[in-house]
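I have placed the structure first, in the form of structure tokens, so that the comments after it can refer back to it.
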Amino acid sequence: MEIKKIMDADILDIIFEGRNKDYGAYDLRRSYNRRLIKALMSTAFILILLFTGYFLSGMKTHETKKPIPIADIDLNQVRTEQPDPPVVPPLKVEPIKVQTIQFTTTKIVKDKDVPEDEKPPEQDRRDDTKIGTANVDGVKDDGITAPPASDGGKGVVEAPKKVEEDYDKTFIKVEVESDYPGGLAAWQRYLNKNLHYPDEALNNEIQGTVMVQFIVDKEGNVSDVQAISGPTEGGLREEAIRVIRKSGKWTPAVQNGHQVKSYKRQPIGFKTESQ
């Protein structure tokens, strides 16, 4: 290509100099800018349509929506109409009249001077008739006791009054007995550590079980410790009492959900190794 033409020629003409321009690549590159502009314009047009439709639909929706009117209601003024319960008249029970005959204090008078209505009744009439101060007609007395006087139609039977239990007294029997804190395992560990076999009992092979009775108060304190059974020799009772007194606080007994003061019996066994 001549130098003058090179200065005026397009870059594509320079690149495709001496090549086949009808193959397609040349035409595609030459029309690239035109196709790019068309694509950008088409995209911009579509975006404008989308934004316009979205804007118009938003305005329409905004116009059609109206706030729902909410009326303030004072709940204190709302009254629920409830029908009055039907009035049931109380049953009126007429007391059963029992036939009675007049029988007053006997007076010793002449038979002819006694009026007919004041004479005492015959014995056969007294068997099924009650004795009273006047003659009353009614049903025969069958020995059944009449019900108590009416309570005015209320139909209410009073329940027996509950006697309040005195929780300050010392209970002998309780629902939940007092116990050593930690249960049987803790009590066994305490005995193994603190219980000593008296030398006198050990030398004389005195053994047995000492039953110790004591009081555990509401706070778990131990008092009034005494041995009520078991060997009386060898110092076993004294050692059992000492161990109980040294045991500290116990878990109080419980009666009707209240911690109470109660008696406790705790056996303590002594046994020599030779047995």
Side-chain angles (χ1 to χ4, degrees), residues 90-91 93 95 130 141-275:
L91 296 176
V93 180
K130 284 189 174 182
D141 182 19
D142 53 4
I144 299 176
T145 304
S150 174
D151 58 355
K154 296 179 181 179
V156 178
V157 179
E158 293 186 0
K161 294 183 179 180
K162 184 178 180 180
V163 179
E164 293 294 335
E165 195 164 10
D166 182 14
Y167 295 107
D168 294 329
K169 68 179 182 180
T170 303
F171 285 78
I172 299 177
K173 292 184 179 180
V174 290
E175 295 176 350
V176 180
E177 289 191 1
S178 57
D179 195 9
Y180 187 78
L184 184 59
W187 175 245
Q188 189 66 40
R189 288 195 299 269
Y190 170 76
L191 289 180
N192 292 336
K193 183 178 179 181
N194 297 276
L195 185 63
H196 302 289
Y197 211 113
D199 292 338
E200 182 182 354
L202 189 61
N203 295 331
N204 295 286
E205 297 185 354
I206 300 174
Q207 59 182 353
T209 300
V210 178
M211 182 65 69
V212 183
Q213 178 177 282
F214 53 97
I215 294 176
V216 180
D217 63 13
K218 297 180 181 179
E219 287 73 31
N221 298 315
V222 174
S223 63
D224 196 18
V225 184
Q226 56 181 335
I228 59 175
S229 66
T232 59
E233 300 177 352
L236 298 184
R237 289 195 175 192
E238 290 76 7
E239 178 63 16
I241 292 174
R242 185 193 67 82
V243 169
I244 292 296
R245 287 176 176 171
K246 189 181 177 182
S247 61
K249 287 191 175 184
W250 289 53
T251 302
V254 177
Q255 180 70 15
N256 295 332
H258 296 77
Q259 291 185 349
V260 295
K261 182 179 180 182
S262 66
Y263 285 100
K264 174 70 176 180
R265 289 188 176 183
Q266 180 66 46
I268 298 179
F270 295 87
K271 186 176 182 181
T272 60
E273 296 181 357
S274 60
Q275 296 293 328

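Residues satisfying the salt bridge (Lys or Arg N to Asp or Glu O under 4.0 Å) test with Lys218, not counting sequence neighbours, are Asp168. Applying the side-chain contact (heavy atoms from CB on, under 4.5 Å) criterion to Pro181, with sequence neighbours excluded, gives Thr251. Partners of Arg242 by side chain to side chain donor-acceptor pair (under 3.5 Å), not counting sequence neighbours, listed by chain and number: Glu239. The side chain to side chain donor-acceptor pair (under 3.5 Å) test applied to Glu233 returns no partner, not counting sequence neighbours.
Among pairs with a residue in residues 219-251, those fulfilling ring-ring contact (aromatic ring centres under 6.0 Å, His included) read Tyr180-Trp250, Trp187-Trp250, Phe214-Trp250, at least two apart in sequence or across chains.
The structure places CD of Gln266 at 8.0 Å from CE of Met211, a figure rounded to the nearest 0.5 Å. Between the OG1 atom of Thr209 and the NZ atom of Lys271 there is a distance of 10.0 Å, given to the nearest 0.5 Å. One distance of note links CG of Asp199 with CG of Asn204; it measures 10.5 Å at 0.5 Å rounding. To the nearest 0.5 Å, atoms CG (Leu191) and OG (Ser247) are separated by 9.5 Å. Atom CZ of Arg237 is separated from atom CD1 of Ile268 by 12.5 Å, given to the nearest 0.5 angstrom.
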With salt bridge (charged side-chain N to carboxylate O under 4.0 Å, His left out) as the criterion, how do Lys249 and Glu219 come out once you've worked through the C-alpha distance, each side chain's angles and the decisive distance to 0.1 Å? CA-CA 8 Å; Lys249 287 191 175 184; Glu219 287 73 31; over 6 Å; no
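Residue Glu177 places its CD atom among 12 or fewer non-hydrogen atoms of other residues, nucleotides or ligands, all under 6.0 Å distant. Residue-environment remark: OH (Tyr197) exceeds the threshold of 12 foreign heavy atoms within 6.0 Å.
When all heavy atoms are compared, the tightest approach of Gly234 to Pro198 is O-CB, 3.1 Å. The two residues Tyr167 and Phe171 come nearest to each other via the heavy atoms CA-CE1, 4.0 Å.
Contact annotation: the side chain of Phe270 never approaches that of Ile206 to less than 4.5 Å [non-hydrogen atoms, C-beta and beyond].
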Using a 3.5 Å cut-off and no angle test, enumerate the donor-acceptor pairs between side-chain atoms of residues 220-231 and protein atoms at least two apart in sequence or in another chain.
from	atom 1	to	atom 2	distance (Å)
Asn221	ND2	Asp217	OD2	3.3

